Asker: 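Right, I'll just put the structure down here and ask away after.
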Amino acid sequence: MIDNIIPLFLWTLLILVIMGVATSREWEPAETFTLFEPPPWPEQYRDQDGNILPYQENGRFQNPAMKDRPNVLSFFWSALTGKDDSNIPSPAELDKTFPVIKPNWTDISNARMTWLGHASVLAEVDGKAVLTDPIFSNRASAVQFAGPARYRYAPCTISDLPALDAVVISHSHYDHLDLNSVAEIARVQPNTEFFVPMGLKSWMESNTVADSDNIHEMTWWQERNLKDSDVKIVFTPANHWCKRSVSDDNKVLWGSWAVLGTNNSFWFGGDTAYFEGFKQIGDKYGPFSMAAIPIGAYQPNWFMKYQHVHPGEAVRIHQDIRSNKSLGIHWGTFKLTYEHYMEPPKLLKKYLQEFKLPEEEFVSINIGESVEL
Ligand code: ZN
Ligand code: ZN
C-alpha cells in the first residue's frame, strides 16, 4: 500500500508544480514579440553547402530546435485555466467580419494562390495546379465527433476543384493531413500526384486509392518534376514535428514545399516555427514569385513559438525565402490557440510597417479569395 502511495504522491506533486508554473506564466504581448532564435542545427547534419539535413534517432526524426519547449502538460493546464482571447462570434456575425467567398478559378492571367481556409491553398504556377494540405472536413481530428471544429466553412467542395496536378502534404498533424480529403481527392482525381514527407507513403497507400506510382515520399532538398513537365517540386525544411497517434511522434518527417516553374515559383510554408532553414531555402531557390506563409496559432507564445510563427516571424520568413508576394495562412478556420481570431492579419500589417515593407507584399484575404500575380 505504502509503495503505491509514495510514487502517487510524487507524481501529484510534480503535476502541481508544472501546473503552477504554467498558470503563473503571463502571455508575451503580441505587439512586442521577439524573434524566436533556436540553437543552430548540429554541424554533422548538414550538406556540403551548410544546409540542414534531417536525421533520426531510434526510428524518430529529431528536431533539436524544439528541445527547450516547455512540457506539453503545462500547455494543457494553461489552456484549461489561462486566458482565451479568441472571441469567435456567431456564424451570422462571422459572415460580416470574415465572409467566406466562392472561389473563381477562371481567367488566370499569370500565377495565382487561392486560399481554401487554414493551410489549404490552390497554387496555379506555369499552368499546373498544386493543392497544399487539403482539409475539407468539419474537424481537424482523428474522429469527426470530437477535436477542433471549423468555425469557418470550406469555400467549395472537393468536386468543385479544378483538375489538380499535385497535392503536397507538409506533415501528418490532423489540421494538415485530413484523411477524408486526401482519400476523396485520390478517388475523384486519380491522375493527381501526391508529394508527401519521408515516412508517409505507406499511410497514403493504406488509406487512399492513390496509385503507388503517384505517391512520392521525399526528404529535405529532394527534387522531382511533375509528370511530363518542367515544373519541379522540392521538399524543403521547416521547424516543426509530427504526431497522429499516441506513440508515433516524429516517425514521419515534416517540411515545406517549393514549386518551381520556368516563369513563376511558389513556396508553401506548411506549419513551422522560425529557424535558420528559411535563409537556406531563399539562397538555394529564391526569389519566389509567391508564397503561402503561416501567420496564426501563436498564443500562448511561450509555448507556441517552438512550433508556430507569429506574424512578425512570418514577415522574416517572407524576407528570408525572398518572396515577392506572400499570403498569410494557418488562421481563421479552426480554433487551435487563444489569440483573438482576427488578430493575425492585424498584426501582420503592424509588422510590415515596422519592417518598412509595403502592405501589398504580404497580404491576408477572405477564405475563397485569390491573390493573383
Ligand atoms: Zn503541425
Ligand atoms: Zn497546423
Side-chain angles (χ1 to χ4, degrees), residues 36 38 54 60-63 65-66 69-70 72 75-76 79 86 88 115-121 131-142 147-152 154 167-182 196-200 203 220 235-246 248-257 267-275 277-278 291-301 303-311 313-314 317 327-339 341 343-344 364 367:
F36 174 56
R60 294 175 200 270
F61 289 98
Q62 301 295 304
N63 185 350
M66 269 185 68
R69 189 182 76 171
V72 76
F75 169 71
F76 284 129
S86 58
I88 297 163
W115 189 32
L116 304 181
H118 205 53
S120 305
V121 175
L131 181 61
T132 70
D133 288 359
I135 179 160
F136 292 83
S137 294
N138 282 329
R139 288 182 192 270
S141 171
R150 269 176 189 281
Y151 61 87
R152 288 279 72 187
V167 168
V168 297
I169 300 293
S170 65
H171 66 302
S172 67
H173 281 150
Y174 285 98
D175 56 322
H176 297 261
L177 176 60
D178 178 46
L179 169 60
N180 294 335
S181 299
V182 287
V196 301
M198 191 53 71
L200 205 59
W203 185 93
W220 290 351
F235 194 37
T236 48
N239 179 5
H240 205 63
W241 61 297
C242 272
K243 187 176 179 66
R244 244 182 124 75
S245 70
V246 186
D248 71 344
D249 299 50
N250 293 355
K251 286 193 170 171
V252 170
L253 189 55
W254 53 88
S256 55
W257 293 95
W267 183 76
F268 169 60
D271 204 0
T272 187
Y274 187 74
F275 78 148
F278 303 118
I293 301 175
I295 60 170
Y298 48 79
Q299 284 288 26
N301 200 246
F303 184 81
M304 286 300 160
K305 65 184 174 191
Y306 295 91
Q307 58 211 22
H308 293 151
V309 285
H310 60 69
E313 291 164 329
I317 296 177
L327 168 68
I329 58 164
H330 205 255
W331 70 281
T333 313
F334 298 96
K335 182 185 157 188
L336 303 174
T337 50
Y338 300 94
E339 70 270 13
Y341 80 105
E343 189 185 69
S364 60
I367 293 172

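Whatever order the structure lists them in is the order used to number ligands and atoms, beginning at 1. Given the structure is predicted, the values throughout are model-derived calculations rather than measurements. This chain uses plain numbering: 1 for the first residue, then up along the sequence.
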Asker: Measuring to the Zn ion (ligand 2), does H330 have an N/O/S atom at a distance below 2.8 Å?
Answerer: yes
Asker: Rounded to 10°, how big is the angle at the Zn ion (ligand 1) from H173 ND1 to D271 OD2?
Answerer: 170°
Asker: Looking only at N, O or S atoms, find the one in D175 nearest to the Zn ion (ligand 2) and name it.
Answerer: OD2
Asker: For the ring-ring contact (aromatic ring centres under 6.0 Å, His included) test, which of W115, Y341, Y151, Y298 pairs with W331?
Answerer: W115
Asker: Quick check: H176 with W254 (ring centres under 6.0 Å apart)?
Answerer: no
Asker: Return the orientation label for the F278 and Y274 ring planes: parallel under 30°, perpendicular over 60°, tilted otherwise.
Answerer: tilted
Asker: Report yes or no: does H240 have an N/O/S atom closer than 2.8 Å to the Zn ion (ligand 1)?
Answerer: yes
Asker: Any N/O/S atom of H171 sitting less than 2.8 Å from the Zn ion (ligand 1), backbone or side chain?
Answerer: yes
Asker: Could you tell me if N250 and N63 have a donor-acceptor pair between their side chains, going purely by distance under 3.5 Å?
Answerer: no
Asker: In terms of side-chain heavy atoms, does D175 have a donor or acceptor partner in H118 at a distance below 3.5 Å?
Answerer: yes
